[in-house]
Protein chains: 2
Amino acid sequence: MKHDVILHDVAKAANVSIATVSNVVNGKGRVSKTTMKRVQQAIEQLGYAPNLLARHLKTNQSRLIGLVVQTTKPGRIQDNPFYWDLLAGAEEIARDHGFHMILVSMGMPEETLDFVKQRQLDGLLVVGITDHRGEDALFRTLDIPCVYIDSYLNDPRLCQVCVDDQYGGYAATKHLLALGHRRIALLIGDIPMDQLRRYAVLQQRWRGYRKALDEAGLPYDPGLMIRLPTSVQGGYHAAAWLANHNDVSAIFSMSDIAALGLMKGIKDMGWRVPEQVSLVGFDNLFMSGYTLPALTTVSQNIVQKGRVAVKLLMELMDNKCSTSRKVVLPVELLVRDTTTKAHLTDRQ
Amino acid sequence: MKHDVILHDVAKAANVSIATVSNVVNGKGRVSKTTMKRVQQAIEQLGYAPNLLARHLKTNQSRLIGLVVQTTKPGRIQDNPFYWDLLAGAEEIARDHGFHMILVSMGMPEETLDFVKQRQLDGLLVVGITDHRGEDALFRTLDIPCVYIDSYLNDPRLCQVCVDDQYGGYAATKHLLALGHRRIALLIGDIPMDQLRRYAVLQQRWRGYRKALDEAGLPYDPGLMIRLPTSVQGGYHAAAWLANHNDVSAIFSMSDIAALGLMKGIKDMGWRVPEQVSLVGFDNLFMSGYTLPALTTVSQNIVQKGRVAVKLLMELMDNKCSTSRKVVLPVELLVRDTTTKAHLTDRQ
DNA sequence: TTATATTGGTTAAACCTTTAACCAGAGGGT
DNA sequence: ACCCTCTGGTTAAAGGTTTAACCAATATAA
């Protein structure tokens, strides 16, 4: 894939210097109408396309944006359709600005840093970082524009975008409380409760849950935290937990993905949703409205999250001294069919 | 993001020429043990990382692989979680070889071509092309290694990877036939039947369907083709079609995504799956086993598809003259709970 | 002895752009 | 006449790397 036609060729064809052609291509410098026409014709005729590698080398930029994703195993992207939506949104805006997205899976810190340096990435979208893992410092060492997604970092100088997770948790719980539920379990990720701070998004949703409980004058019961992996399988197994907790009449799953599995698990036990167990999810995945019964859930727009993140990054790159701001996108409780009034009739 | 330490600095520190450092970095050329040690120490100490832009400019390659995806609107990636799996698999292998993936959304042909040329992409993964749209020719003009995914191109010189779509369609249909179903509808994409050739994957599955019908001595009835978008919504609306075709006792949906919507639609009409309608899907999405009833479907491994595609691409790039081969990955019919014996009792 | 490899390096050109510095000529003001 | 500015370019350096060509010294072979 050798570059067939280069600046030099166009220059010769139009009988001007290389610099002039470059100026025409970039719309910079001073060049008369007539020569511009001549150059443009030559470009058209020869089918010239600039060699971005050379340009980038010279200008010290790559027009590449890294999407830094957490990995389970090093080198293996977490299998979560969530990321595709994020990438799709980001790519859409990036492309409009002449940028492109590239995946950076965060394995070894060293490795990650080297990668960013070697590829000369112009900016980073970092997903799911917290203050409590030292990862934030990592990205601050290489000083390139960063936008943190779903990260809840304390430093006010940082650019961040997330949704109102806490409100989401609050709204979901409040909805269940309003229906008369008193013992509401929380299907949380597969993490020790004392490590919750490391998973900022979950922590926020959890806080919303607690807040709603507090307002209702109900006690917070750690025994109601179901700690299972955020996956369909994880959710499915939560049903077994439920079987041992007959006083629990509702579950708030912090992800739709787990809620789907849970719903299946509950039904496989022969129980009915929502008559015997009410269920609320989080995310509103593409098929969450098409389960039976349709899942009540807190909806967030992940594609939009990707879009906004890149827009912020662009601002950050334009005027370096920009007032770095934090954007909180709204969430919306979608009441569908998996929640209903708490009954006095026990599942026994 | 200026490159702080370059070859030059290392050379000075180790008291050798730039070329020698380059040789050490790349493991080429001839350099004695002792100097190698000295250079490596200098590299370590200064924290040198090669500037890939410069390297790539010199070597005429970018170590970037494009994933060419179809777009609905130009510049907008089709919102299909399918692509994430593909990308995840591809990225995994690519990274092992020092390559990275970049998205190329296929809008205007000109634009796409320019992009590949400008970014100097080393290879392309092209998804869902057919002989019948002139797109294949497009990629052949720029002669860079290509692997076609889900494409069914006739040219034997091309490298292709797909799954056994036809067998999948055959197995699904045969399964339904074995259960006694005679009127089996096909939930196909939102395309005119005379355009089916343009959607190779669907055509293959359709052929499998027909083959099974033929073998059973049953006629092919075009009236049984349900042409609705491949989406949850599309599937949902298929239920309305079903309401007008009471002789149909089973539906084979060519995608799980539509099958999920369809299942919801059927249940919303008050009918039961599988007692009144049997249902088979295609893909085995991550939650297909967790619907209620669990979806019977033809399973394919999309991540693996991405992996194999990149492996093929690497071979193609190593020995240019490689015997370009076509890899067909297996599919597997997973009989779960949405299919049962055809009953004589009508839905009326 | 002389011709010839081999070892361990160095020099310099090349990859294709961008861009600062320079320059010739024209026009205008005093 | 002089100085200054403006227009429309050109020249050349620089960006960081790879690599072919070269070279001095030592070892090997005839």
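Note that these values count all heavy atoms, side chains included, but never hydrogens, waters or copies made by symmetry. Here is the naming used below: chain letters follow the sequence lines, and residue numbers restart at 1 for every chain. Here the structure is a predicted model, which is why all the values come from computation and not from measurement.
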S.K.: If you measure from CG on B:Asn154 to OG1 on B:Thr130, what distance do you get to the nearest 0.5 Å?
M.R.: 10.0 Å
S.K.: Mind checking A:Val16 for me? I need base, sugar-phosphate or nothing, with any heavy atom below 4.0 Å counting as a touch.
M.R.: sugar-phosphate
S.K.: Is there a side chain to side chain contact (heavy atoms under 4.5 Å, CB included) between A:Arg63 and B:Arg119 once you walk through the steps?
M.R.: CA-CA 10 Å; A:Arg63 305 237 121 196; B:Arg119 283 271 187 199; 3.5 Å; yes
S.K.: With salt bridge (charged side-chain N to carboxylate O under 4.0 Å, His left out) as the test, would you mind laying out the steps for A:Arg95 and B:Glu111 before giving the verdict?
M.R.: CA-CA 12 Å; A:Arg95 146 176 296 266; B:Glu111 210 178 301; 3.6 Å; yes
S.K.: With side chains defined as the heavy atoms from C-beta onward, is the minimum distance between B:Asp150 and B:Tyr199 less than 4.5 Å?
M.R.: no
S.K.: Could you check which of D:dG16, C:dT17, C:dT19 has an atom nearest any side-chain atom of A:Ile6?
M.R.: C:dT17
S.K.: Are A:Met106 and A:Phe139 side-chain neighbours, meaning at least one heavy-atom pair lies under 4.5 Å?
M.R.: yes
S.K.: Just the atom pairs and distances: protein N or O near nucleotides 11-13 of chain D's N or O, under 3.5 Å.
M.R.:
none

S.K.: Taking B:Leu125 as the fixed residue, which of B:Val161, B:Leu86, B:Leu67, B:Leu87 is the one that meets the side-chain contact (heavy atoms from CB on, under 4.5 Å) rule?
M.R.: B:Leu67
S.K.: Answer with base, sugar-phosphate or nothing: what part of the nucleic acid does A:Thr59 contact at a heavy-atom distance below 4.0 Å?
M.R.: sugar-phosphate
S.K.: Could you give the CG-to-C1' distance, from B:Leu7 to D:dG16, as a whole number of Å?
M.R.: 7 Å
S.K.: Using only heavy-atom distances, determine whether the side chains of B:Gln41 and B:Arg38 contain a donor-acceptor pair under 3.5 Å.
M.R.: no
S.K.: Under 4.0 Å from any atom of DNA chain D, heavy atoms only: list the residues of residues 29-37 of chain A that qualify, in numerical order.
M.R.: A:Arg30, A:Val31, A:Ser32, A:Thr35
S.K.: Contact between A:Tyr152 and A:Ile129 at the side-chain level, heavy atoms closer than 4.5 Å - yes or no?
M.R.: no
S.K.: Just the rounded figure in Å: distance from P of C:dC16 to CD of B:Gln118.
M.R.: 15 Å
